[in-house]
Every structure is written in C-alpha cells, then in structure tokens.
Amino acid sequence: AWWYYRLPGQPSRALPSMFTVTSSGGATATLHWTGVEGAFDAALNVTIADGGRPCVGALDEQLTLTRAAGAPLAVDLFY
C-alpha cells in the first residue's frame, strides 16, 4: 500500500515523489520526503514482523508529517 496527499486547492490527490531511505538494519526502514511542495516533510516508518511460520508476517507502517516552519498545515491523506 502507498500514501497520497492533497493540499488545499488541489483538484486531485498527489503521490509524493523522490525519497531517501534509512535503515536500522533487519526488518525496519524509514522513507523520508523533504519539502513536499514546500508544505511539509514526511517520514514513513516501516517494520516487518516475523509471523512464526514460513511466508507469514505483519507489516506496520507509521506516517509522520512535519509542517514547514511557522506555516499551518492543512492536508488530506489517502492510503
């Protein structure tokens, strides 16, 4: 699954573009988007947990938005 956003005044949802990835090793990674349309930064933390059997597991994703300095943030999120 992936996330999309829409800022006020935009007619349709948008897909965030270029990102960087950091990994703490193993089954955890964070995808970073900086300066999305000058409105916010975003970080998607992804963790995969072992389900105890072959081909079974769980995916946990947590999305954090940080508004641009001093600017209010109004955004619609879609997943």
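The structure displayed is predicted, hence computed values, not measured ones.
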- Closest approach of Ala42 and Leu63, non-hydrogen atoms and distance? CB-CD1, 4.3 Å
- Mind checking side chain to side chain donor-acceptor pair (under 3.5 Å) for Glu37 and listing every partner two or more places apart, or none if nothing turns up? Tyr5, Gln10
- Item | side chain to side chain donor-acceptor pair (under 3.5 Å) partner of Thr30, chosen from Asn45, Thr20, Thr64 | Asn45
- Query: Do the side chains of Trp2 and Phe78 join up, straight or via other hydrophobic residues, at under 4.5 Å, putting them in one cluster?
  - Reply: yes
- Looking only at non-hydrogen atoms, find the nearest pair between Ala74 and Pro8 and report the distance. O-CD, 3.0 Å
- Does Leu44 share a hydrophobic cluster with Met18, counting links as ILVMFWY side-chain heavy atoms below 4.5 Å and allowing steps through other members? no
- Item | Close side-chain approach of Tyr79 and Glu61, heavy atoms under 4.5 Å | yes
- Note on the structure: So salt bridge (Lys or Arg N to Asp or Glu O under 4.0 Å) across residues 6-19, not counting sequence neighbours, yields Arg6-Asp76
- Just do the side chain to side chain contact (heavy atoms under 4.5 Å, CB included) check on Asp41 and His32 with the steps written out, would you? CA-CA 8 Å; Asp41 295 340; His32 301 272; over 6 Å; no
- Centroid-centroid distance, Trp33 to Phe19, less than 6.0 Å: yes
- Message: Could you see if Leu59 belongs to whatever hydrophobic cluster contains Val21? Use Ile, Leu, Val, Met, Phe, Trp, Tyr and a side-chain cutoff under 4.5 Å.
- Response: yes
